[in-house]
Amino acid sequence: EAGVTQFPSHSVIEKGQTVTLRCDPISGHDNLYWYRRVMGKEIKFLLHFVKESKQDESGMPNNRFLAERTGGTYSTLKVQPAELEDSGVYFCASSQDQGPLYEQYFGPGTRLTVT
Amino acid sequence: AQSVTQLDSQVPVFEEAPVELRCNYSSSVSVYLFWYVQYPNQGLQLLLKYLSGSTLVKGINGFEAEFNKSQTSFHLRKPSVHISDTAEYFCAVIRYNFNKFYFGSGTKLNVKP
């Protein structure tokens with residue numbers, strides 16, 4: 001069974017540009033999460049999808065970030081325009097169902113560098 | 001609000017020595033506790049979790065952790081580490097009936113030969 005995949009693995013862009021990160025969850029997992037780790041600090045929650053609906057987007061830092069999950073399969077996270085403080089590692093995770101009893105499986109992350 | 005503190009950002013240790021990675025949490029409500037491991041160029045992998053019951057939890061690769069409610073701690077231990085245990089370890093909590101993790105800042109375990 002394939003795990004959670006993320007694309008690209010690395011992205012280097014200039015301040016003001018746009019970047020789109022993609023996450024493909026494990027097949028059949030309705031729940032998809034985005035997290036971010038900035039500058040070696042803690043990993044922070046961004047948002048949670050259940051199928052194509054945003055269940056919780058309380059962690060989204062500002063309106064420069066747009067997450068979508070059309071059709072309830074893969075998800076994209078767009079940053080427009082990117083700022084220096086957006087640099088970090090963006091993790092995606094998926095789970096079969098909601099709640100802490102269901103394991104969240106994490107992807108390898110996308111390392112975003114904004115210069 | 002929840003917060004997780006991992007007291008050591010880096011822990012160097014020699015192969016076959018014991019190790020303890022410390023984790024303390026702060027929460028006004030009951031939480032579940034987890035340890036994740038990230039090997040180089042890989043995603044986070046669940047090491048173990050405490051949901052209820054026995055406060056001593058055993059995980060994969062010989063790791064174990066003990067939940068101490070009075071000290072709000074969930075320290076990770078291994079009696080004898082291997083080179084292959086070199087990785088970054090994350091402590092995390094989730095509130096009951098919620099879905100999002102609160103992670104610590106990670107501890108890099110460096111096992112030397």
Side-chain angles (χ1 to χ4, degrees), chain A residues 1-10 23-26 29-51 53-60 67 88-111, chain B residues 1-10 21 23-27 29-53 57 59-60 67 74 87-110:
Chain A
E1 179 182 284
V4 176
T5 57
Q6 293 185 245
F7 182 83
S9 56
H10 294 87
C23 169
D24 285 78
I26 292 172
H29 281 194
D30 288 339
N31 293 266
L32 188 148
Y33 311 81
W34 283 98
Y35 292 85
R36 177 175 75 168
R37 189 184 191 198
V38 174
M39 289 291 292
K41 295 187 178 179
E42 66 271 22
I43 301 170
K44 287 192 172 181
F45 168 86
L46 295 179
L47 88 159
H48 169 211
F49 282 101
V50 178
K51 297 185 180 178
S53 300
K54 293 175 185 175
Q55 178 85 352
D56 180 356
E57 51 184 330
S58 61
M60 295 288 267
V89 181
Y90 290 76
F91 292 100
C92 176
S94 71
S95 66
Q96 188 174 15
D97 206 334
Q98 296 189 56
L101 300 183
Y102 292 90
E103 182 174 345
Q104 292 186 24
Y105 295 87
F106 284 77
T110 292
R111 182 174 296 277
Chain B
Q2 286 67 238
S3 68
V4 179
T5 302
Q6 292 184 243
L7 298 166
D8 305 298
S9 59
Q10 297 194 51
L21 306 183
C23 172
N24 287 85
Y25 69 94
S26 172
S27 177
V29 298
S30 296
V31 294
Y32 297 115
L33 298 144
F34 299 74
W35 276 98
Y36 276 84
V37 59
Q38 185 182 22
Y39 299 104
N41 301 315
Q42 295 185 29
L44 279 72
Q45 179 182 355
L46 180 63
L47 205 52
L48 50 78
K49 60 186 175 185
Y50 173 78
L51 303 179
S52 65
V57 180
I60 61 172
F67 169 55
F74 191 53
E88 191 159 19
Y89 293 78
F90 295 91
C91 182
V93 303
I94 288 187
R95 286 175 58 181
Y96 288 2
N97 297 322
F98 280 71
N99 299 295
K100 62 184 179 185
F101 278 111
Y102 293 85
F103 282 92
S105 53
T107 297
K108 290 184 179 178
L109 176 64
N110 183 17

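Every heavy atom of this structure was used, including side-chain atoms; hydrogens, water molecules and symmetry mates were not. Predicted, not measured: the structure shown is a model, and the values here were computed from it. Lettering of chains follows the sequences in order, A, B, ..., and the numbering in each one begins at 1.
Between the side chain of A/Glu42 and the backbone N or O of B/Ser3 there is no donor-acceptor pair closer than 3.5 Å.
Rounding to the nearest 0.5 Å gives a distance of 5.5 Å between OH of A/Tyr35 and CZ of B/Phe103. Taking CG of B/Asn99 as the reference point, atom CD of A/Gln104 lies at 7.0 Å (rounded to 0.5 Å). The CZ atom of A/Arg37 sits 4.0 Å away from the CD atom of B/Glu88 when rounded to the nearest 0.5 Å.
Around atom NZ of A/Lys54, more than 12 heavy atoms belonging to other residues, nucleotides or ligands sit under 6.0 Å away. The number of heavy atoms from other shown groups lying within 6.0 Å of OH (A/Tyr102) does not exceed 12. When the shell of 6.0 Å around CD of A/Gln96 is examined, it contains 12 or fewer heavy atoms from other residues, nucleotides or ligands.
Using a 4.5 Å cut-off between heavy atoms, A/Leu47 makes no contact with chain B at all. There is no contact between A/Ser9 and chain B, counting heavy-atom distances below 4.5 Å. For B/Ile94, the part lying under 4.5 angstrom from a heavy atom of chain A is the side chain only.
Looking at heavy atoms from C-beta onward, B/Lys49 lies out of side-chain contact with A/Pro100 at the 4.5 angstrom threshold. Between A/Phe91 and B/Gln38 there is a side-chain heavy-atom pair separated by less than 4.5 Å.
Top candidate by heavy-atom pairs under 4.5 Å with chain A, chosen from B/Tyr102, B/Tyr36, B/Tyr96, is B/Tyr36. Between chain A and the residues B/Gln45, B/Gln6, B/Gln42, the most heavy-atom pairs under 4.5 angstrom are made by B/Gln42. Chain A forms the most heavy-atom pairs under 4.5 Å with one residue out of B/Leu51, B/Leu44, B/Asn41, and that residue is B/Leu44.
Ring planes of B/Phe101 and A/Phe106: tilted class, angle from 30 to 60°.
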